[in-house]
Every structure is written in structure tokens, then in C-alpha cells.
Amino acid sequence: MSTIVSKFGGSSVADAAQIRKVAQIITADPMRRLVVVSAPGKRSSADEKITDTLIACHALAAAGKDFRTRFAVIRERYSGLATELGIGSDLVPVLDEVEESIATGASRDAVVSRGEYLGAHMIARFLGFQFLDAAELIRFSDETTIDKDATDRSCRERIDPAGRYVIPGFYGAHGDGRIQLFTRGGSDISGALVARAVGAARYENWTDVSGLLSADPRIVESPGPIREVSYHELRELAYLGANVFHDEAVAPVAEADIPINIRNTNEPDHPGTMILARDRLSERRPGERTGVAGKEGFSGVVIQRSMINKIMNLTGQIESVLLEAGVRMHHCAQGADSVLVVAESGALDTAGAPLLDSLKGRFGASTVKRTGPYALVGAAGEELAVNPRVLGTVMMELAKKKLAVHFVCSGYSESSFIVAVDEDKYREAVRAIYAATA
Ligand code: ASP
């Protein structure tokens with residue numbers, strides 16, 4: 001029996017009006033039998049996400065302080081929703097259980113996961129679906145690794161193909177039952193794992209935008225919509241800085257060749273964006289740009305030493321010095337007498353002068369200095385970067401706008417490139433690259 005897995009993000013379940021839209025979407029297609037939900041998000045910019053309130057509750061409880069006043073906000077929010085949705089006091093015992101677990105020292109992951117847990121209970125009751133706990137479905141083998149086989153097995157065992165379920169996103173459990181969270185925004189991964197396990201016909205990701213746009217609309221005026229994108233392009237775009245869909249959620253569905261459809265709960269008739277295997281894309285010219293994205297907050301470290309290129313395993317050695325100081329290397333470009341490493345400015349600030357001294361000592365460098373700050377901006381599209389004209393046009397456009405390029409990274413993939421520009425020129429560079437790749 002064909003199934004669609006429909007995942008709803010925090011804005012889609014933030015208030016009763018949104019949850020009613022969810023119900024309409026679910027009832028509009030009988031194949032939508034597996035629903036995965038995030039915890040209620042913000043209703044306005046002044047509001048707090050339930051997940052953040054739970055993080056605060058856990059921190060207060062762990063410090064031996066009063067967490068109940070803060071928890072009252074959560075209780076009020078869910079009780080208010082339950083009343084508006086007409087499911088009465090069904091949630092009260094679940095809220096009591098959660099409050100008690102915080103009081104008795106539940107782990108941070110267990111506490112923070114309760115936003116999704118409570119939300120899934122509530123939406124299951126409202127839809128008349130069965131609640132199915134993610135702790136029984138999604139298995140971790142350690143803090144960061146999902147046991148895909150065990151997850152597939154438990155999903156197949158517990159999910160009746162004819163059943164209708166609401167599953168909380170954002171967490172799973174270890175073999176001993178300990179709750180384990182994904183990183184923030186991780187409900188996307190939960191939905192992808194469930195979709196893969198049941199061999200879903202489609203994985204729908206319902207959010208508050210009508211699919212992906214080819215650039216950030218706060219920077220580029222009216223960027224074109226992306227109707228279709230390959231799994232690979234999506235990962236490249238996420239790597240460049242676009243953040244609509246969690247990048248770790250792509251692999252589980254891509255491996256099973258399940259299309260992902262990004263949709264808007266507030267505009268349910270809009271087709272959104274389809275994410276497909278490359279050979280399933282329609283109407284696409286190779287070399288066409290799919291999107292432009294970027295990120296601020298990077299800096300360089302330049303290590304100068306005569307004939308540094310002769311040092312064996314140079315990059316590995318630099319990386320280990322950086323990692324000891326808590327810095328992750330994002331890029332590394334090597335010349336005869338110098339190396340440029342690009343990393344996050346915040347991590348470099350924290351590591352400070354001792355890191356520069358260690359690098360100097362380790363390689364006998366004449367100078368080790370910080371450069372930047374930079375923004376990294378790039379474009380993605382299948383075969384975009386193998387078209388020699390593309391990078392040339394981009395460089396000319398950046399030069400015309402007097403935007404200095406400090407570093408270019410291309411050739412690591414056929415389908416994207418990245419340039420480092422001065423951080424304060426970030427927005428201008430996004431616009432220039434968008435225009436040059438049109
Ligand atoms: N509620 C979690 C967060 O705020 C997970 C999610 O929404 O996917 O990050």
C-alpha cells in the first residue's frame with residue numbers, strides 16, 4: 001500500500017489555526033498516513049519555540065533552581081491548543097508525566113524531546129490517528145550515528161501498512177532506551193528515516209515557504225523559484241548556506257530514491273519544490289544554475305614558511321592542530337611557501353593567539369596570521385562548474401563591482417564553486433554571483 005510521509009515543521013503546528021490546516025492537508029489525500037511533527041514553533045517574533053523553553057527548563061532543573069514557573073508556559077501553551085482543538089484535558093496526564101520527569105532529573109535530551117512528544121500526542125488525538133513514539137522506531141548506535149538497519153527493522157515491525165500514525169520528530173533512542181536528540185531542525189531527518197523504512201512513495205516536508213528559492217529573497221529581489229532540484233544539488237546548496245531542509249535528511253531518502261517535496265502549509269495548492277535523483281529531473285539544461293547561497297562568519301589563517309609544500313601530510317597535520325583547539329577546517333589552499341586555512345571566525349576567536357603559536361611552532365613558520373573576516377558565497381547546479389565560462393563571468397562581475405576575491409574553491413565538485421569575499425560585501429557578492437550565473 002503506497003504511503004506518503006508528511007512532516008510538518010514548527011510553524012505548521014504553532015497554533016490551532018495552523019494545526020487545522022495540517023488536518024485539511026492530511027485528509028485531502030488518503031495516502032498521507034504517516035505524519036511526523038516538530039514541536040510548536042514561534043507564533044510571532046516575540047514568542048519562544050517550545051524546544052527552547054524546554055532547554056531552559058532542563059538547565060534550571062539541573063542547576064537546582066525553580067523550573068516549574070517556566071514549565072507553566074509550556075503547560076499553558078499545550079492546554080490552550082488542546083482546548084481550541086476540542087480535545088479537552090486529554091493532554092494533562094502527559095504534561096504531568098513530562099513535568100515529573102524534569103523534576104526527577106531526566107537527561108537533557110529526554111527533556112528537550114518532549115516538545116515533539118507532546119505535540120505528536122495532541123495532533124494524533126485531533127486527527128484520530130495513532131500516536132507512535134519515535135523512541136520505538138529510530139535507533140542510534142552512538143550519540144551521532146543512526147543505526148539504519150535497526151531503524152528500518154523497528155519501523156517495519158511497528159508500522160502497520162494500513163495504519164495511520166503521528167510520530168514525534170527530532171529524537172530516537174539507543175538500544176538501552178536512552179533518548180537521543182538529533183541536531184536542531186532534526187525532525188526533517190526523522191521523517192526521512194521513516195519514509196525510507198516504509199518505502200514511501202513521497203516524503204513531503206511541509207513548512208512556511210512555497211519551496212526553495214534560487215537565492216535569499218532578503219538579498220536578491222524576487223529570486224526565481226526552484227521547481228526541481230537533484231539530491232546532490234540540494235546538499236551542495238545546504239553546504240553553501242541555504243537552510244530550508246536539514247542536509248542530513250537527504251541521504252536516507254536519496255538512497256531509496258524517494259522524492260522529497262518541500263511544500264507550504266499556508267499555500268497547500270502550490271506544488272513547491274521536488275527533490276529527485278539527477279536522472280529524474282525534467283526540463284533541465286546541464287550547466288544551468290539552480291541556486292546561489294552563502295554564509296558570513298569565516299576567517300583565514302595564513303601560515304608562511306619556505307617550501308611548506310614539501311611537508312608530508314601537511315593538511316592532516318594542520319587539521320589536527322586546529323582540532324585540538326576546537327577549530328574545524330572548512331577549506332585549505334596550498335602554495336609553495338604558504339597555506340591558507342579557512343575556518344569559522346568564532347572558533348578562531350575562542351582559540352585565540354595560542355592556536356597561532358602552536359601552528360608556528362609545529363611547522364617552524366616565519367609568520368602565522370589571521371586574515372579576513374570573509375563571507376563564503378557560491379552557486380550550485382548540475383555540471384555548472386565544468387562550464388569554463390561560468391567562473392570567468394563570475395570573476396568579471398565581481399571585479400566590475402570592485403569586490404575582492406580572496407579565495408576560490410572549484411573543482412571539488414562539478415556542480416558548485418565557492419568564493420571568499422570581504423564579509424561586509426556579502427550581500428553585494430550574492431547579488432553579483434546571482435546576476436553572473438543567470
Ligand atoms: N524542535 C526542534 C528544533 O526546534 C526540532 C525540529 O523542529 O525539527 O530544532
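All ligand and atom numbering here is 1-based and tracks the order in the structure. Just so it is clear, the values below take in all heavy atoms, side chains as well, and ignore hydrogens, waters and symmetry mates.
Taking any N or O of Thr51, backbone or side chain, at least one lies under 3.5 Å from an N or O belonging to ligand 1. Checked by distance only, ligand 1 and Arg184 come closer than 3.5 Å through their nitrogen or oxygen atoms. For the pair Gly185 and ligand 1, the shortest N or O to N or O distance falls below 3.5 Å.
For the pair Arg70 and Phe67, the cation-pi criterion (under 6.0 Å, within 45° of the ring axis) is not fulfilled. With Tyr171 as the aromatic partner, Arg114 meets the cation-pi criteria of under 6.0 angstrom to the ring centre and within 45 degrees of the ring axis.
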Practice item. Apply side-chain contact (heavy atoms from CB on, under 4.5 Å) to the pair Val194 and Ile159, showing each step before the final yes or no. Key: CA-CA 10 Å; Val194 172; Ile159 298 171; 4.2 Å; yes
Review point. Step by step, would you call Ile50 with Tyr78 a side-chain contact (heavy atoms from CB on, under 4.5 Å)?
Key: CA-CA 10 Å; Ile50 288 286; Tyr78 282 102; 3.6 Å; yes
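Residue Glu116 places a heavy atom under 4.0 Å from ligand 1.
Judged by distance alone, with hydrogens and angles left aside, the side-chain atoms of Asp47 form a donor-acceptor pair with the main-chain N or O of Arg43 at under 3.5 Å.
Counting protein heavy atoms only, atom 7 (O) of ligand 1 is closest to Ser38 OG, 3.1 Å.
Residue nearest to atom 8 (O) of ligand 1, selected from Gly169, Ser187, Gly115, Ala249: Ser187 (by heavy-atom distance).
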